[in-house]
Amino acid sequence: MCHSQDRTPSEVGRDLVQWFLENQRDLPWRRDYSPYGVWVSEIMLQQTQVAAVVPYYLRWMKRFPDVPSLAAATEDEVLLYWEGLGYYSRARNLLKAARLVMERFGGRVPDTEADLRVLPGVGPYTASAILSLAYNRDVPVVDGNVERVAARLLDLDVSAKSPEGRREVLRAATQWLVPGKARFYNQALMELGAVICTPAHPKCLACPVAARCLALRHGTVENRPVRSPRPRWEELRVAIGVLRENGKIYIQKRPEGGLFAGLWEFPGGKALEAETPRVALVREMEEELGVRVKIVDKIGVVRHAYTRFRVTLHAYRCVPDPPGQIVRPRACAAWKWVRPSELDLFAFPAANRRLIQALRKAADAGS
DNA sequence: GAACCGTGGGA
DNA sequence: TTCCCAAGGTT
């Protein structure tokens, strides 16, 4: 049942290509399919929806229009342009890869699987996407959309992530591929998944290949692809401090590797069980900075959801007490005292950025 | 193989 | 509010 008996594979591909050419969304990276533009868009689109990417892509291409301009940039500026998109290692890897392309490939984005895979941040999907979308090579791509579309067309009764499921999806995507049209075929499969064959409430009435969809025929569309149970989130309380002295605010840079690597943040940390956020903040400032602080007032509470955590961020204004203490930060890549207006020059995690907005709003209202 | 790495939008 | 998860890669 999970092995398709469909012996008219190219018809699926041709129908998809025709549907795509008539119905595709007008997206900036579909303008000229330049290898660099395709590359940047594919990195931005990893685990990220089209609507979120478009404004970032336009701003990025204006500032870093080609490989040399990106390679010459600093990591801090690159992260600033990525701020808010998430998964920040993508930006750091893109910069490293651009420099590698300059050194090893003379500034030209590679056009072979092996060379592409040398670039940090380019895995199996992205390499195939660049080969097919930019160079129109006859290679299939398998992303979340393709997995879902294929799982439904085939009525796949095992997880698309399982070894068997992967094989079936890749086999189908390869079989349906229209030779010479990989650029449009691959995008058609993904576009269909994004617009028609959506995870919930798929629009089967508008689907160009509904007639060949085994899941639709069997009434199993809502159960395809088969999902594996997802792990639970962890609830976290975090205290965060905007430490101010002589009109400047203390910020620190996150170390290489791990969460928010290379981004700047306000100091603070997790509140222990049965510890109030205020007590936690005073403790963390002592531990992290070696500074005794006095809390002036509470700025507010920010709720934020990460993939594995739900965080309630308690933010406080505070000052060194007594004044004039020497700051000795531990476990951060760098630190700085900056004027409030300079906060826009550094990349912060989204929750920190929201805190900065709240700070500005309060300052405007106060004066 | 499994854990880790963000965010915002929609239902 | 709460839950889902989207054009994946790295370790």
Side-chain angles (χ1 to χ4, degrees), chain A residues 20 24-25 27-30 37-57 79 82-94 96-97 116-134 140-149 159-163 165-166 173 183 185-195 197-202 222 225 227-235 254 256-263 265 302-313 347-354:
Chain A
F20 177 76
Q24 63 175 303
R25 291 170 291 180
L27 300 175
W29 47 88
R30 289 178 179 164
V38 169
W39 179 22
V40 170
S41 69
E42 289 302 334
I43 299 295
M44 286 188 171
L45 285 163
Q46 288 171 6
Q47 301 290 286
T48 310
Q49 305 197 35
V50 164
V53 166
V54 169
Y56 281 87
Y57 178 83
L79 284 172
W82 205 273
E83 187 192 277
L85 251 195
Y87 287 133
Y88 297 95
S89 67
R90 292 183 296 175
R92 290 150 43 87
N93 283 335
L94 194 48
K96 285 182 203 154
L116 284 166
R117 290 296 299 275
V118 167
L119 306 177
V122 176
Y125 164 77
T126 305
S128 296
I130 293 172
L131 288 174
S132 60
L133 304 200
V141 297
V142 177
D143 73 332
N145 289 307
V146 176
E147 284 178 0
R148 185 171 56 257
V149 171
S159 166
K161 306 281 189 197
S162 69
R166 278 179 206 281
R183 168 180 294 163
Y185 162 77
N186 280 337
Q187 288 190 94
L189 222 34
M190 295 190 281
E191 187 90 343
L192 189 78
V195 175
C197 197
T198 48
H201 315 301
E222 298 284 355
R227 301 253 172 242
S228 44
R230 233 167 35 85
R232 213 52 198 168
W233 316 43
E234 187 183 342
E235 190 71 35
R254 308 257 318 172
E256 295 276 321
L259 195 62
F260 301 125
L263 272 70
E265 65 174 5
V302 174
R303 287 279 296 170
H304 195 70
Y306 302 87
T307 307
R308 293 180 48 258
F309 307 103
R310 286 176 170 181
V311 177
T312 308
L313 211 56
F348 287 88
N352 277 243
R353 182 56 73 188
R354 272 197 269 157

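Here the structure is a predicted model, which means the values were calculated and not measured. Residue numbers start from 1 in every chain, and the chains themselves are labelled A, B, ... in the order their sequence lines are given, proteins ahead of strands.
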Quick one: do E235(A) and R303(A) satisfy salt bridge (Lys or Arg N to Asp or Glu O under 4.0 Å)? Show the steps, please.
CA-CA 11 Å; E235(A) 190 71 35; R303(A) 287 279 296 170; 2.8 Å; yes

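For the P atom pair drawn from dG9(C) and dG8(B), the interatomic distance equals 23 Å after rounding to whole Å. On the C1' atoms, dG1(B) is 16 Å away from dG8(C), given to the nearest whole Å. Distance noted for atom P between dA7(C) and dC4(B): 24 Å (whole Å).
For Y88(A), the side chain to side chain donor-acceptor pair (under 3.5 Å) test picks out no residue, with sequence neighbours left out. Under the salt bridge (charged side-chain N to carboxylate O under 4.0 Å, His left out) criterion, R308(A) pairs with no residue at all, not counting sequence neighbours. Here R25(A) pairs with E191(A) under the salt bridge (charged side-chain N to carboxylate O under 4.0 Å, His left out) rule; sequence neighbours left out. Legend: residues meeting side chain to side chain donor-acceptor pair (under 3.5 Å) with S159(A), ordered by chain and number and at least two apart, are absent. Scored by the salt bridge (charged side-chain N to carboxylate O under 4.0 Å, His left out) test, R254(A) finds E265(A) as partners (sequence neighbours excluded). Shown here are the salt bridge (charged side-chain N to carboxylate O under 4.0 Å, His left out) partners of R92(A), two or more places apart in sequence or in another chain: E75(A), E256(A).
Contacts of R148(A) with the nucleic acid, taken as non-hydrogen atoms under 4.0 Å apart, involve only primed sugar atoms and P, OP1 or OP2. Within the 4.0 angstrom heavy-atom criterion, only backbone atoms of the sugar-phosphate kind lie near R227(A); the bases stay farther away. Contacts of R166(A) with the nucleic acid, taken as non-hydrogen atoms under 4.0 Å apart, are absent.
Identified under the side-chain hydrogen bond (donor to acceptor under 3.5 Å, both in side chains) test for residues 48-57 of chain A, with sequence neighbours left out: T48(A)-R90(A).
Take the nearest nucleotide of DNA chain C for L119(A) and for L27(A): the residue whose nucleotide is more 5' is L27(A).
The footprint of chain A on DNA chain C, defined by a heavy-atom cutoff below 4.0 Å, extends from dT2(C) to dT10(C).
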Sugar-phosphate means primed atoms, P, OP1 and OP2; the rest is base. With that split, encode nucleotides 2-11 of chain B 5' to 3' as B, S or - using protein heavy atoms under 4.0 Å.
--SBBBB--S

